[in-house]
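Everything below concerns the one structure shown next.
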Amino acid sequence: MADNASAGFQCQSDPPTAELLLLNLDATAGALYVVQTVMALAGVLVYLEETLYITRKIPASYKRTTYIWVTGAPPVIAATSCVALWIPRSSMFTDFTASIYFTICLHKFLVMMVEEYGGDEAFVRRLRDIPLRVSTGPCCCCCLCLPPLDVNMRTLTLLKWGTLQAALLRPVLMFFATVLWTNGTYQQGRMEVSGAFLWITVLSVAAFLLSLWPIAILFTQARTNLAQHNIGAKFALNQCVVILSQAQGGIISLLVATGTIICAPPFSARARGAFMHQQLMVMEMFLLIITSRCYYRRRYSDPEPDMGLPDPFDQQDAPKSLGNGDTAAPGGPLVTAPQWV
């Protein structure tokens, strides 16, 4: 009877402390912890090596900064998940850290695509005669009647603000969540109308989904123009991080709410669901780190690929007609047309 009461108390309690977790570890669980810790550390080392490679191959520029930010998403998520494995009560703060970093990475990914064109001005010059289709996911994939966007500096600024708003709003929401948590108002995983968790989650998800829309709009054109830069594979890796870090956690929370995942002392059902999510994240992010290394590691000294579009600024180098059939190349001799007698 006392054992049942103790187990029932543990199923309703907070996540265990690190000391209690270590006391309940058996040989199998201990080996799993060691393996996942090694995977997280190896992922961080691979990222550091990749950062050194990018630093050596790309001159100091905004493009180099965006590459370092974007490739850092999987190792940062793996590292924060590993910390949450060893200290279960820190899972809320590690989730906040990973979420904020990845939201910034989404903005950096859009900037990276623009930088692959050569910067803002080069992007507008290349695509100013090609309208961008906005009827794409995740917001307007069914709204086929939406007019396309003309490419100009104002459009590019709007696309950048579409991703930047989440990078600015989500940290503010996480700050309020932490403040409300200290007051007992915010309780992670409790979907109650009177609770703060539901409303903060709704606003955070809405901002996150809106930040994915500009990336999808730009990618519809970039997937052909930037094929030589492996932009398709990079976009797929970015979306994998989105699905695994966001959707997977939501699915596990749903399984906890429906009673599919039950408590297993010293973990309550909610804490056990978060623990399972952290375990999966370490392994999945390690695989993404290895995969992304294959696509981001290339010869950055190669010339830019031909976008297949005429450059209006190159027209000044074209041969000029003199009006009488003669032509003159810039810096070259006069070419006289044949005279027929």
- Item | Residue pair Ile77 / Val241: nearest heavy atoms and the distance that separates them | CD1-CG1, 3.7 Å

- Message: With clusters defined by side-chain heavy atoms of hydrophobic residues (ILVMFWY) lying less than 4.5 Å apart, directly or transitively, does Val205 cluster with Leu198?
- Response: yes

- Do Phe96 and Phe175 come within less than 4.5 Å of each other through their side chains, counting heavy atoms only? no

- Mind checking the CG-CG spacing from Leu164 to Leu110? Nearest 0.5 Å is all I need. 10.5 Å

- Message: Between Glu19 and Leu23, does the side chain to side chain contact (heavy atoms under 4.5 Å, CB included) criterion hold? Intermediate values first, please.
- Response: CA-CA 6 Å; Glu19 294 79 5; Leu23 290 175; 5.5 Å; no

- Using the side chain to side chain contact (heavy atoms under 4.5 Å, CB included) rule, take Phe102 and Phe208 through it: C-alpha gap first, then chi angles, then the decisive distance, then the call. CA-CA 10 Å; Phe102 184 62; Phe208 183 76; 4.0 Å; yes

- Message: Around atom CG of Leu158, are there more than 12 heavy atoms from other residues, nucleotides or ligands closer than 6.0 Å?
- Response: yes

- Taking 4.0 angstrom as the limit, do Glu116 and Lys234 come out as a salt bridge? yes

- Partner residues of Glu49 under the salt bridge (charged side-chain N to carboxylate O under 4.0 Å, His left out) criterion, sequence neighbours left out: Arg293, Arg297

- Task: Indicate, with yes or no, if the rings of Phe93 and Trp181 have centres closer together than 6.0 Å.
- Result: yes

- Query: Are Leu203 and Leu169 side-chain neighbours, meaning at least one heavy-atom pair lies under 4.5 Å?
  - Reply: no

- Item | Sole candidate of Leu168, Val70, Thr163 that passes side-chain contact (heavy atoms from CB on, under 4.5 Å) when paired with His107 | Thr163

- Using a 4.5 Å cut-off on heavy atoms from C-beta on, say whether the side chain of Tyr186 contacts that of Thr178. no

- Expected output: side-chain Thr155 to main-chain Asp150 donor-acceptor under 3.5 Å: yes

- Under 3.5 Å: donor-acceptor pair, side chain of Asn183, backbone of Val179: no

- Apply salt bridge (charged side-chain N to carboxylate O under 4.0 Å, His left out) to Asp120 and list each qualifying residue two or more places apart in sequence or on a separate chain. Lys160

- Message: If you compare all heavy atoms of Gly162 against all heavy atoms of Gln165, which two are closest, and at what distance to 0.1 Å?
- Response: O-NE2, 2.9 Å

- Note on the structure: Taken in chain and number order and not counting sequence neighbours, the residues that satisfy side-chain contact (heavy atoms from CB on, under 4.5 Å) with Thr28 are Asp26

- Query: Are side-chain heavy atoms of Val114 and Leu218 found at a separation under 4.5 Å?
  - Reply: yes

- Are Tyr67 and Thr51 close enough, and set up right, to give a side chain to side chain contact (heavy atoms under 4.5 Å, CB included), and what steps lead you there? CA-CA 9 Å; Tyr67 267 79; Thr51 300; over 6 Å; no

- Between CG of Leu280 and OG of Ser245, what distance do you get to the nearest 0.5 Å? 12.5 Å

- Query: Can you find a heavy atom in the side chain of Val151 that is under 4.5 Å from one in the side chain of Leu156?
  - Reply: no

- Strictly by modelled atom types, are Ser99 and Arg170 linked by a side-chain donor-acceptor pair under 3.5 Å? yes

- Message: If hydrophobic clusters are built by linking Ile, Leu, Val, Met, Phe, Trp and Tyr wherever their side-chain heavy atoms come under 4.5 Å apart, do Leu85 and Leu25 end up in the same one?
- Response: yes

- In terms of hydrophobic clusters joined by side-chain contacts under 4.5 Å, are Phe219 and Ile130 together? yes

- Hey, does the side chain of Thr258 reach the backbone of Leu254 with a donor-acceptor pair shorter than 3.5 angstrom? yes

- Is Ile100 reachable from Phe197 through a run of I, L, V, M, F, W or Y residues, each pair having side-chain heavy atoms under 4.5 Å apart? yes

- Does the Tyr117 side chain pair with the main chain of Arg125, one donor and one acceptor, at a distance under 3.5 Å? no

- Distance, nearest 0.5 Å, that separates CD1 of Ile231 from CE of Met113: 6.0 Å

- Message: Could you see if Val83 belongs to whatever hydrophobic cluster contains Ile289? Use Ile, Leu, Val, Met, Phe, Trp, Tyr and a side-chain cutoff under 4.5 Å.
- Response: no

- Task: Measure the spacing between CD of Glu121 and CZ of Arg128 and express it to the nearest 0.5 Å.
- Result: 11.5 Å

- Flag the pair Gln278 / Asp95 as yes when at least one side-chain heavy-atom distance between them is below 4.5 Å, and no otherwise. yes

- Shortest non-hydrogen contact between Gln248 and Leu244, atoms and distance: CB-O, 3.1 Å

- Message: Under a 3.5 Å distance rule, please check whether Gln246 uses its side chain to pair with a backbone N or O of Ile243 as donor and acceptor.
- Response: no

- Item | Donor-acceptor contact present, side-chain Gln36 to main-chain Gln279, <3.5 Å | yes

- Query: Does any non-hydrogen side-chain atom of Pro16 lie less than 4.5 Å from one of Asn24?
  - Reply: no

- Considering all heavy atoms of both residues, which atom of Gly273 and which atom of Ile252 are nearest to each other, and what is their separation? O-CG2, 3.3 Å

- Query: Does CZ belonging to Arg89 count more than 12 external heavy atoms closer than 6.0 Å?
  - Reply: yes

- Task: Please name all residues satisfying side chain to side chain donor-acceptor pair (under 3.5 Å) with Trp86, sequence neighbours left out, ordered by chain then number.
- Result: Thr37

- Task: Mark yes or no for whether Thr260, through its side chain, and Val256, through its backbone, hold a donor-acceptor pair below 3.5 Å.
- Result: no

- Message: Once you measure the plane-to-plane angle for Trp69 and Tyr101, does it fall in the parallel (<30°), tilted (30-60°) or perpendicular (>60°) bin?
- Response: parallel

- Message: With a 3.5 Å distance limit and no angle check, can you tell me whether Thr66 reaches the backbone of Arg64 through a side-chain donor-acceptor pair?
- Response: no

- Note on the structure: Taking every heavy atom of Ala84 against every heavy atom of Ser90, the minimum-distance pair comes out as CA-OG, 3.9 Å

- Message: Rounded to the nearest 0.5 Å, what separates atom OG in Ser292 from atom CE in Met285?
- Response: 10.0 Å

- Message: Are Asn230 and Tyr296 packed together at the side-chain level, in the sense that at least one heavy-atom pair is separated by less than 4.5 angstrom?
- Response: no

- Of all the heavy-atom pairs spanning Val282 and Ser81, show the shortest one and how long it is. CG2-CB, 3.7 Å

- Go through the steps for Tyr53 and Ile58 under the test side chain to side chain contact (heavy atoms under 4.5 Å, CB included), then give the verdict. CA-CA 8 Å; Tyr53 178 85; Ile58 303 179; over 6 Å; no

- Got a sec, which residues hit side chain to side chain donor-acceptor pair (under 3.5 Å) with Thr201, two or more places apart in sequence or on another chain? none

- Message: Could you work out, with side chain to side chain donor-acceptor pair (under 3.5 Å) as the rule, every residue matching Thr71, not counting sequence neighbours?
- Response: none

- Query: So how far is it from Thr65 OG1 to Met112 CE, rounded to the nearest 0.5 Å?
  - Reply: 13.0 Å

